[in-house]
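Here is the naming used below: chain letters follow the sequence lines, and residue numbers restart at 1 for every chain.
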Amino acid sequence: MHWADVVAEQLAERADSHIVATGITPSGPIHVGNMREVLTADLIVRACEDRGLDAELVYIADSADPLRKVYPFLDPETYDAHVGRALATIPAPDGEGTYADHFLDPFFSCLDELGIEHRVIDAYQSYADGEYEASVRTACEQRDEIRGLLQRISGRELDADWFPFNPMDDHGRMHGVRVTGYDWPHVEWRNEDGETGRTDLRTGGGKLPWRLDWPARWSWIGVTCEPFGKDHSSAGSSWDTAQPLASLFGVEPPLGLPYEWINLKGQGAMSSSAGNAMSGSELLELVPPEIMRFLISRAKPAKHIDFDPGAGLISLADEYERLERRYHAELRGIEQKPVGEGERRERQRMDDARRFELSQVARGEVSEGDALEMSFSHLSMLCQVKANRQGVFDSLARTHGVDASAPDPRLLERERRMRSWIVSDWFPGEVRILLQADVDADWLAGLEQTERDLLSGFAAGLRSTEWDESAIQEHISASIEAAGMTPRTAFPLLYELLLGRPRGPRLAPLIRELDRDAVLSLMSAISD
RNA sequence: GGGCCUGUAGCUCAGCCAGGUAGAGCAGCCGGCUUUUAACCGGCAAGUCGCGGGUUCGAACCCUGCCGGGCCCGCCA
């Protein structure tokens, strides 16, 4: 049974209606690692729906969180003054709108593309609207008990003047603001500059610290399930402290699902501020949304994912494509048996089917017979070799039976994305088709005489060859024949000469699309 | 120090929770097709399942002890 179905089954034992919560602080570009959370939640929601439960995904934008520091991608001139202020109240890096929205808007676009239906809860607004009032009051009234509980479970010593609410000063800053007095519904405070003031706790003016905020939102939103990053699941961390706090706030804790992190292959955990991250939007510029869903659906949440945005991403996409074909050929409609039933092989097939189904952007059953049957690696090659879309689809018409006059819209999308992938820095060198700049003298010296004859004959004649496919094709054939070689032995040499590797895309059309001057300049190095 | 995850074919991983004779893809090799769009088709080879102990009729799977790798415990998922 697929992991999302296992979670759904556990939820079914608890209730018929569920709210699956996720939240990410919009302090920077929301990267693929961040997005594991919301995708995990979506898969659970889908699995719940598939077994007839009501389920809703709630996304909490932590816009009330203060800017913690001036991140490397921010201008210190502007942002020094904003450290400690809520993300909802400070300007965006490009000056348009708020900081929080600046990073949330592209994220929400991703969610739409990924088919993730969600209700957005804005934390800053929710504090202002009084949604947190009951929890804030409980926290303040029972601050001594909470304080002891936090110290005991987290093993962390809290300051003598610790208070379960971080108020903002008159400049909107939360850092360094101390509570000096409390009388519901007000707190009095003093900031680092010695300024004092009074805040009404019922309408925002600050926020609960994270360890309290988390169970508080469970309480007022009614969260029943929540995936969370492993940083929250260490011993004594916020998940542990949230358990007793939840009962204090009068709710059952949700079913928690810790998930592992996504590493950028070879560079460790993704981090926007460290500059080794790919944002969700970026990924969706390269591959269709179902590939991103597949990345998450194929791995269990407890497994960390080594995300390779280069060759590995092409493999991933191709793997999806093969699974798609297999699904339509033999997996559709396979009976999903309860946990533990069925032969090993059969269980694997059931899970594969679910991996595919849960990767779909559209909800509901996958319609019949709509596999694209087009590998991403093949497409990557065509898009490099063909100057335009027409060329790609003409080729696909010949080799894959694609109707070039009315191609599948999904195929058009894949072609569009592949082109942006190729021009991006993410495109892997292993599959990049690159005309050699020079001839490797050692390689040339090591060849047989007939082999050199082939190359020099080919090179010499190319200059006078008309630059179209059939003329080039003829010239290739003539050169091979003149050298007394066979295509099988000759082609690897020609590829080696042009691309520096023994194989490549069909040669004549490839040369036709390459820059003529560059090719001829390379040829002159051989014929000399 | 505490916690979580992880170690299965050259590579990426599935299988472990629900014990029943080792799986997939890629790469490799061989063959087929071919005046080659890294195509496509067929086949082959490939693993002491990190190591030791235990439980069991039976362990990659459960328990236990080691060893290696990654990460988290300051509001970075």
Donor-acceptor pairs are to be reported for all side-chain atoms of residues 501-511 of chain A against protein atoms at under 3.5 Å, with residues two or more places apart or in another chain.
| residue | atom | partner | partner atom | Å |
| --- | --- | --- | --- | --- |
| Arg501(A) | NH1 | Glu430(A) | O | 2.8 |
| Arg501(A) | NH2 | Arg432(A) | O | 3.1 |

Open item on the list: Strictly by Watson-Crick or wobble contacts shorter than 3.5 Å, is anything paired with G1(B), and which nucleotide is it?
Closed with: C73(B)
Open item on the list: Counting the benzene-type ring for Trp, do Tyr320(A) and Phe356(A) have ring centres under 6.0 Å apart?
Closed with: yes
Task: Under-4.0 Å side-chain N/O to phosphate OP1/OP2 contact, Lys300(A) with G15(B) - done: yes
TODO: Considering just the side-chain nitrogens and oxygens of Arg322(A), establish if one lies under 4.0 Å of OP1 or OP2 belonging to G25(B).
DONE: no
Task: Options A77(B), A18(B), G15(B), nucleotide nearest the side-chain atoms of Gln348(A) - done: G15(B)
TODO: Check every atom of U36(B), C13(B), C75(B) against the side chain of Asn166(A) and return the nucleotide holding the closest atom.
DONE: C75(B)
- [ ] Between C49(B) and C29(B), how far apart are the C1' atoms? Round to whole Å, please.
- [x] 25 Å
TODO: May I ask you to check whether Tyr79(A) and Tyr71(A) place their ring centres under 6.0 Å from each other?
DONE: no
TODO: Select one nucleotide: of A77(B), G70(B), A38(B), the one nearest the side-chain heavy atoms of Thr25(A).
DONE: A77(B)
- [ ] Select base, sugar-phosphate, or nothing to describe what Met35(A) touches, counting heavy atoms under 4.0 Å on all strands.
- [x] nothing
Open item on the list: Can you tell me which nucleotide in A77(B), G28(B), C75(B) comes closest to the side chain of Asp65(A)?
Closed with: C75(B)
Open item on the list: Quick check on A14(B): is either OP1 or OP2 less than 4.0 Å from any side-chain nitrogen or oxygen of Lys303(A)?
Closed with: yes
- [ ] Check whether any side-chain N or O of His31(A) sits under 4.0 Å from OP1 or OP2 of A77(B), and answer yes or no.
- [x] no
- [ ] Side chain of Arg355(A) only, please: which of A18(B), U36(B), G15(B) is the nearest?
- [x] G15(B)
Open item on the list: Base, sugar-phosphate or nothing for Ile433(A)? Non-hydrogen atoms, less than 4.0 Å.
Closed with: base
Open item on the list: I'd like to check the ring-ring contact (aromatic ring centres under 6.0 Å, His included) partners of Phe458(A); sequence neighbours left out, ordered by chain and number.
Closed with: His475(A)
Open item on the list: It should be established whether Arg68(A) places a side-chain nitrogen or oxygen under 4.0 Å from OP1 or OP2 of nucleotide C76(B).
Closed with: yes
Task: Given C75(B), G70(B), U36(B), the nucleotide with the shortest approach to the side chain of Glu260(A) - done: G70(B)
Task: Listed nucleotide nearest any side-chain atom of Lys230(A), set A77(B), G70(B), A38(B) - done: G70(B)
Task: Euclidean distance for C1', A9(B) against G25(B) (whole angstrom) - done: 12 Å
Task: salt_bridge(Arg173(A), Glu192(A)) N-O dist < 4.0 Å - done: no
Task: Selection from A38(B), C75(B), G3(B) that lies nearest to any side-chain heavy atom of Trp210(A) - done: C75(B)
TODO: Looking only at side-chain atoms of Asp231(A), point me to the closest of C73(B), G2(B), C13(B).
DONE: C73(B)
